[in-house]
Undergrad: 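Mind having a look at this structure? Questions to follow.
Reminder, nothing fancy here: chain letters follow the sequence lines and each chain counts from 1. Side chains included, hydrogens not; waters and symmetry mates left out as well; all remaining heavy atoms used.
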2 protein chains.
Amino acid sequence: MTAQHERLRIGGKPLRADAERTVHTILEAAERVLLVDPTATMEQIAEAAGVARTTVHRRFATREALIDALTRWATAQFAAAVDGAVSDAVPPLVVLYRVTADVLRVKIGWGFAMDRAGSSADPEISRVHAEVLAECDRFLRRAQATGLLRSDVDIVWARRCYYALIHEATKGGTADADIDTLTTLIVDTLLRGFGTAAAQSTGS
Amino acid sequence: MTAQHERLRIGGKPLRADAERTVHTILEAAERVLLVDPTATMEQIAEAAGVARTTVHRRFATREALIDALTRWATAQFAAAVDGAVSDAVPPLVVLYRVTADVLRVKIGWGFAMDRAGSSADPEISRVHAEVLAECDRFLRRAQATGLLRSDVDIVWARRCYYALIHEATKGGTADADIDTLTTLIVDTLLRGFGTAAAQSTGS
DNA sequence: ATAACTTGCGACATTAATGTCGCAAGTTCT
DNA sequence: AGAACTTGCGACATTAATGTCGCAAGTTAT
């Protein structure tokens with residue numbers, strides 16, 4: 001939970017209070033601006049942060065470094081949300097609700113960083129994401145074993161759809177912002193789909 | 001079906017055969033390159049097309065014009081696919097299969113252009129997409145009336161999920177390329193979701 | 001208080017992409 | 001065959017973003 005904003009310009013020296021605040025402000029502004037326009041310039045980011053362009057460069061050596069830091073920050077929160085919500089001591093359905101809600105909370109507000117996290121060059125980020133992904137698959141298998149999911153579903157496809165639903169739900173900005181409603185919608189869709197019981201297509 | 005590649009550099013004059021081929025080659029190359037890296041340069045596109053950079057500029061005045069043409073091209077195919085598959089004279093489930101398969105065919109191979117089509121500045125493109133969207137909603141309502149979809153589902157959310165599923169299915173390049181399998185997977189997921197009949201979360 | 005640190009500002013160097021031109025060589029059409 | 005057109009090539013102008021520096025003024029910590 002401690003504000004630990006990744007590798008900065010200077011090695012590992014602790015930052016003074018004001019500098020720390022500045023870094024935060026920049027990251028938040030970057031998220032906001034880059035979500036709207038992924039090709040936004042340092043200038044625009046600096047402006048959105050209410051800071052001089054040179055200051056941004058002082059904190060993040062290059063544009064790439066800034067985006068990397070942003071991605072690391074969001075990834076850490078994402079992993080924390082998942083780790084905190086998944087537990088074998090709780091019924092899968094409850095876990096599903098909890099983890100969905102927690103992930104939504106992170107993804108709203110860090111959408112840009114989360115989206116590009118999957119295709120990051122940073123090995124550390126890739127590692128964390130792969131871990132979360134594996135944890136997700138593990139959970140889905142448990143849900144299958146418990147009878148929450150049908151036994152004939154492909155776990156990988158199910159996981160991809162789950163991710164896609166979450167992604168879809170976080171679109172449209174703050175318009176449909178009630179986390180609990182969204183969570184219910186996602187879980188409901190994931191489990192039941194949209195069809196009636198009567199007209200079901202039978203797989204091969 | 002005629003090759004009608006949008007507004008080019010010069011007004012409306014018909015192109016010579018070789019020029020026509022070049023335009024095609026460039027559009028295809030652009031799709032391929034931009035899918036991998038949306039910030040790819042004219043140089044990279046030209047190279048991928050096996051053409052000089054100046055030739056690209058001769059055909060498309062600006063980078064934006066090129067992307068616009070690409071988007072128009074893909075959008076036209078998309079609309080044609082949907083229009084050709086949707087019919088009130090056929091049971092909704094059959095339409096669902098047909099339209100899904102046809103759209104998949106377009107979206108595989110024109111993924112970049114299709115993705116950015118939604119947020120295009122060109123009013124013509126927006127119009128066509130809005131039309132398709134409306135047609136989709138109309139179809140979903142019919143499916144609901146027929147009893148294919150539950151009567152309590154939100155049409156807009158259902159449509160968004162349908163789009164998202166198609167999008168998800170076209171990820172990963174040519175790996176999982178069997179259209180019919182993908183179509184079945186999508187329709188099945190859309191209608192049934194992943195849960196068992198036993199453990200269903202009941203909406204509010 | 002004072003040393004260390006941070007920020008804004010303005011100036012600067014560098015790089016990379018865009019877009020334009022004219023010309024020579026090759027292609028298409030009739 | 002000959003006119004019209006297209007392409008590659010090399011050169012050029014322009015623009016915009018990146019990244020660096022030093023200095024003066026303000027802030028933080030001790």
Undergrad: Looking at A/Asp115 and A/Lys107, does any basic side-chain N land under 4.0 Å from a carboxylate oxygen?
TA: yes
Undergrad: Of the nucleotides D/dG19, C/dT28, C/dT7, which has the atom closest to the A/Thr62 side chain?
TA: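 Within the option list, the nearest is D/dG19.
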Undergrad: Output the single nucleotide from C/dG8, D/dA29, C/dT28 whose closest atom is nearest the side chain of B/Ala17.
TA: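 Within the option list, the nearest is C/dT28.
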Undergrad: Side chain of B/His57 only, please: which of C/dT20, D/dA17, C/dG8 is the nearest?
TA: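 Of C/dT20, D/dA17, C/dG8, C/dT20 is nearest to the side chain of B/His57.
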Undergrad: Between D/dC21, D/dT27, C/dT28, which one does the side chain of A/Asp18 approach most closely?
TA: D/dT27
Undergrad: Of the candidate nucleotides D/dT18, C/dT18, D/dT7, which contains the atom at the shortest distance from the side chain of B/Arg58?
TA: D/dT7
Undergrad: By nearest atom, which of the nucleotides D/dT7, D/dT18, D/dG8 is closest to the B/Thr54 side chain?
TA: D/dG8
Undergrad: In the strands shown, is C/dG22 matched to any nucleotide by a Watson-Crick or G-U wobble pair with both distances under 3.5 Å, and which?
TA: D/dC9
Undergrad: Side chain of B/Ala19: nearest nucleotide among D/dT7, C/dT7, C/dT18?
TA: D/dT7
Undergrad: May I ask you to say whether B/Glu20 pairs ionically with B/Arg16, meaning some side-chain N is under 4.0 Å from a carboxylate O?
TA: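 Here B/Glu20 does not pair with B/Arg16 in a salt bridge, since their nearest N and O are not under 4.0 Å apart.
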Undergrad: When you measure from the side chain of A/Arg53, which nucleotide among D/dG19, C/dT20, C/dT7 comes out closest?
TA: D/dG19
Undergrad: Ion pair present between B/Arg105 and B/Asp102, side-chain N to carboxylate O less than 4.0 angstrom?
TA: yes
Undergrad: Among C/dT27, D/dG8, C/dT6, find the nucleotide with the atom closest to the side chain of B/Arg16.
TA: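 So the nucleotide nearest the side chain must be C/dT27.
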Undergrad: Quick one: closest heavy-atom pair of A/Arg142 and A/Ser87, and the distance?
TA: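 Answer, listing the atom of A/Arg142 first, then A/Ser87: NH2-O, 3.2 Å.
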